[in-house]
Number of protein chains: 2
Amino acid sequence: MFDRNSALFKALGDEELESLAKHSRLKVLSKHQYLCTQYTDAQYVYIIASGAAVAERVSSDGRRQVLSFIFPGDVIGLTYHHEFSVKSLTPLTSHQFRQNKIAELSEKYSSLSDNLSSIRERVIALMLDQLYLLGQKKAHERVCFLLLHLLKRLPGASVDNIELPMTRLDMADYLGLTVETVSRSITKLKAEGLIETTELHSMAITDLETVTKLADIN
Amino acid sequence: MFDRNSALFKALGDEELESLAKHSRLKVLSKHQYLCTQYTDAQYVYIIASGAAVAERVSSDGRRQVLSFIFPGDVIGLTYHHEFSVKSLTPLTSHQFRQNKIAELSEKYSSLSDNLSSIRERVIALMLDQLYLLGQKKAHERVCFLLLHLLKRLPGASVDNIELPMTRLDMADYLGLTVETVSRSITKLKAEGLIETTELHSMAITDLETVTKLADIN
DNA sequence: CGGGCACTTGAGGACGTTCAAGGAGGGTGG
DNA sequence: CCACCCTCCTTGAACGTCCTCAAGTGCCCG
């Protein structure tokens, strides 16, 4: 039932997995629905089983920051309050747990508790990368970073085929740019022979070394 | 010895505090020294007693992102690897603990463990605000945000006197701007009657409502 | 087939950066 | 104690990157 590749279930024994399974509920969303919304109590923890989503923050004047793209195995709701909304990009399936149940089980099973710690740590590491990106990087560097990020995190992605589950607007709001700038950056990267696009949402990295150099923080 | 106002020591009993004190070492730094540096193992946890510091990430081409300003009561080193360096802005005193000692004690004392969780949560909340700031906000909005942030976090700061412990460059690198833009933004805010500067590093907010409106995310 | 949405492309403009100069404050050595 | 220097800050001018506005294309779905 549960995928041990997920950071939450990693290295858990059968007993732990069964306990978790007992308290989980499958939650299924279609495209463009909200799993949870900004500034409400976080009653549940979700672990994504399939599909893709975004964590976003929207202000009253319409500006929107995509905080993270979310993929299978990712965990949502480990904080007491949601500081963001989570919206599905594709049909989405997730396992829902009561937050206090997770807290309870993590006291009992130290491996679960360790997993939770390492998830939080990874979230922080990702956010630090993104802070650097938004504060310091140029538009085309940001796009390269996103491509490599997706290459790492998207299930089934390979250098010669990255299927983007999000629109250009989602990419723009993640990168702190406009749709037009993202589009132009992609065009430019294509012109320079660094990437190729077979379809609108299918990309290939043809010059991984250069793309990595542009994306990297060092 | 320890200040219960710090998020780490909050609501701890005398026994807990004594156990911690037993395992702590005072670490004193002068101006512009490193408490810890990027990409090294985090052996120690530090809690700031006095002074101010920055958490920063520097790339090989010289670009620098200030990830956070650090003030008394703040805790550093709760992750296994430092993804950043911490540099003192002023003379700095901190209490140093071995990381595994903290982990050990937090298993024993649940209030300590709770404190650690809430610290991590607060760190994430701050970072989310900053992501929105860097991705979406205009220069003068960023400066307003920083002023309010300092008003909340700087010990001794009040609406009519905020003593900035950092240079304009630190502010710029925190806000994803250049020194010149920060300087111009401050000049503009002064001209509009929103703030006043008595000295270079002393500011007063004269129109809190407007500043708040500009800084806010909603 | 038509309409709507997403994407691309172009032109113009704004915001922030870069480059450059000048001023103010603090520390050091004469 | 003053002169000098260095660092930090401000201000100006020119430039560039990215944004805004606008038009046009392609694709999906009804």
Side-chain angles (χ1 to χ4, degrees), chain A residues 30-32 54 61-66 87 89-91 133-147 162-192 195-203 214, chain B residues 30-32 52 54 61-66 87 89-91 133-147 163-192 195-203 214:
Chain A
S30 58
K31 243 186 185 185
H32 304 312
V54 286
D61 63 1
R63 286 183 278 185
R64 169 179 180 254
Q65 179 64 37
V66 169
K87 190 166 82 178
L89 293 171
T90 65
L133 176 135
L134 291 173
Q136 304 301 325
K137 285 195 167 98
K138 305 253 176 247
H140 64 286
E141 295 173 327
R142 300 186 193 197
V143 171
C144 288
F145 180 90
L146 175 56
L147 286 176
I162 302 173
E163 292 284 337
L164 308 177
M166 74 287 287
T167 66
R168 297 287 192 266
L169 181 60
D170 296 321
M171 298 171 66
D173 288 344
Y174 178 74
L175 299 173
L177 302 168
T178 58
V179 197
E180 293 94 331
T181 301
V182 170
S183 180
R184 275 186 256 267
S185 294
I186 291 173
T187 305
K188 191 176 159 232
L189 293 174
K190 278 199 285 187
E192 290 169 347
I195 65 171
E196 279 173 7
T197 62
T198 52
E199 293 170 53
L200 254 183
H201 294 270
S202 299
M203 307 222 164
L214 285 172
Chain B
S30 56
K31 246 185 183 185
H32 305 311
V54 287
D61 64 0
R63 286 183 279 185
R64 168 178 180 255
Q65 179 65 37
V66 169
K87 191 167 81 178
L89 292 172
T90 65
L133 176 135
L134 291 173
Q136 303 303 324
K137 286 197 168 99
K138 305 253 176 247
H140 64 288
E141 296 173 326
R142 298 186 193 197
V143 172
C144 288
F145 180 90
L146 175 56
L147 286 176
E163 292 284 337
L164 308 177
M166 74 288 286
T167 67
R168 298 288 191 266
L169 181 61
D170 296 321
M171 297 172 66
D173 288 343
Y174 178 73
L175 299 173
L177 301 169
T178 58
V179 199
E180 294 92 332
T181 302
V182 170
S183 180
R184 276 186 255 268
S185 294
I186 290 173
T187 305
K188 192 175 158 233
L189 292 174
K190 279 199 283 186
E192 290 169 346
I195 65 171
E196 280 172 6
T197 62
T198 53
E199 292 171 52
L200 254 183
H201 293 272
S202 299
M203 307 224 165
L214 286 172

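First the proteins, then the strands, lettered A, B, ... as listed; each starts at 1.
Protein atom NZ of B:Lys190 is 12 Å distant from nucleotide atom C1' of D:dT11, rounded to whole Å. Rounded to an integer number of Å, the gap from CE of A:Met166 to C1' of C:dC7 is 16 Å. If you measure from atom CG of B:Leu134 to atom P of C:dG16, you get 13 Å, rounded to the nearest angstrom. When the C1' atom of C:dC15 is taken as reference, atom CG of B:Leu175 falls 16 Å away, rounded to whole Å. Rounded to whole Å, the distance from NZ on B:Lys137 to P on D:dC19 is 17 Å. Rounded to a whole Å, the NZ atom of A:Lys31 is 11 Å from the C1' atom of C:dC5. To the nearest angstrom, C1' of D:dC8 lies 10 Å from CG of B:Leu169. Computed from coordinates, the A:Gln136 CD to C:dT18 C1' distance equals 15 Å when rounded to whole Å.
Between the side chain of A:His201 and the backbone N or O of A:Thr167, no donor-acceptor pair lies under 3.5 Å.
Considering only side-chain atoms of B:Thr187, the nucleotide from D:dT11, C:dC7, C:dT17 that sits closest is D:dT11. Across C:dC7, C:dT17, D:dC8, the shortest atom-to-atom separation from the side chain of A:Leu200 is found for C:dC7. Nearest nucleotide to the side chain of B:Glu180, out of C:dG10, D:dG12, D:dC18: D:dG12. For A:Thr167, whose side chain is taken as the heavy atoms from C-beta onward, the closest listed nucleotide among C:dT17, D:dT11, C:dC7 is C:dC7. Closest to the B:Arg184 side chain, of the nucleotides D:dT11, D:dC8, C:dA11, is D:dT11.
In the interface, the side chain of A:Arg168 is not paired with the base of C:dT9 through any donor and acceptor atom under 3.5 Å apart. Residue-to-nucleotide contacts include no donor-acceptor pair under 3.5 Å from the side chain of B:Arg142 to the base of C:dG16.
Taking a 6.0 Å sphere around CD of B:Glu192, one finds it holds more than 12 heavy atoms contributed by other residues, nucleotides or ligands.
Among the protein residues, B:Leu177 comes within range of the sugar-phosphate backbone only, with heavy atoms under 4.0 Å from sugar or phosphate atoms but none that close to a base.
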Check your understanding: For B:Leu147 and B:Met203, what are the C-alpha separation, side-chain angles and deciding distance, and is it a side-chain contact (heavy atoms from CB on, under 4.5 Å)?
Key -> CA-CA 9 Å; B:Leu147 286 176; B:Met203 307 224 165; 4.1 Å; yes
Exercise for review: Show your working on side-chain contact (heavy atoms from CB on, under 4.5 Å) between A:Asp170 and A:Arg64 and close with a plain yes or no.
Suggested key: CA-CA 9 Å; A:Asp170 296 321; A:Arg64 169 179 180 254; 2.8 Å; yes
Review point. Are B:Arg142 and B:Leu134 close enough, and set up right, to give a side-chain contact (heavy atoms from CB on, under 4.5 Å), and what steps lead you there?
Key: CA-CA 8 Å; B:Arg142 298 186 193 197; B:Leu134 291 173; 3.9 Å; yes
Review point. For B:Lys137 and B:Leu175, what are the C-alpha separation, side-chain angles and deciding distance, and is it a side-chain contact (heavy atoms from CB on, under 4.5 Å)?
Key: CA-CA 10 Å; B:Lys137 286 197 168 99; B:Leu175 299 173; over 6 Å; no
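Between A:His140 and the phosphate of D:dT17, there is no side-chain N or O to OP1/OP2 separation shorter than 4.0 Å. Dashed line: the shortest gap from a side-chain N or O of B:Thr181 to OP1 or OP2 of C:dG16 is not under 4.0 Å. Under 4.0 angstrom from either OP1 or OP2 of C:dC7 there lies at least one side-chain N or O belonging to A:His201.
Heavy-atom distances to DNA chain D give each of B:Val179 and A:Ser185 a nearest nucleotide, and the one nearer the 5′ end belongs to B:Val179. Remark on DNA chain D: of its neighbouring residues A:Ala139 and A:Glu199, the 5'-side contact belongs to A:Ala139, judged by nearest-heavy-atom nucleotide. Mapping A:Ser183 and A:Lys138 onto DNA chain C by nearest heavy atom places A:Ser183 closer to the 5' end of the strand.
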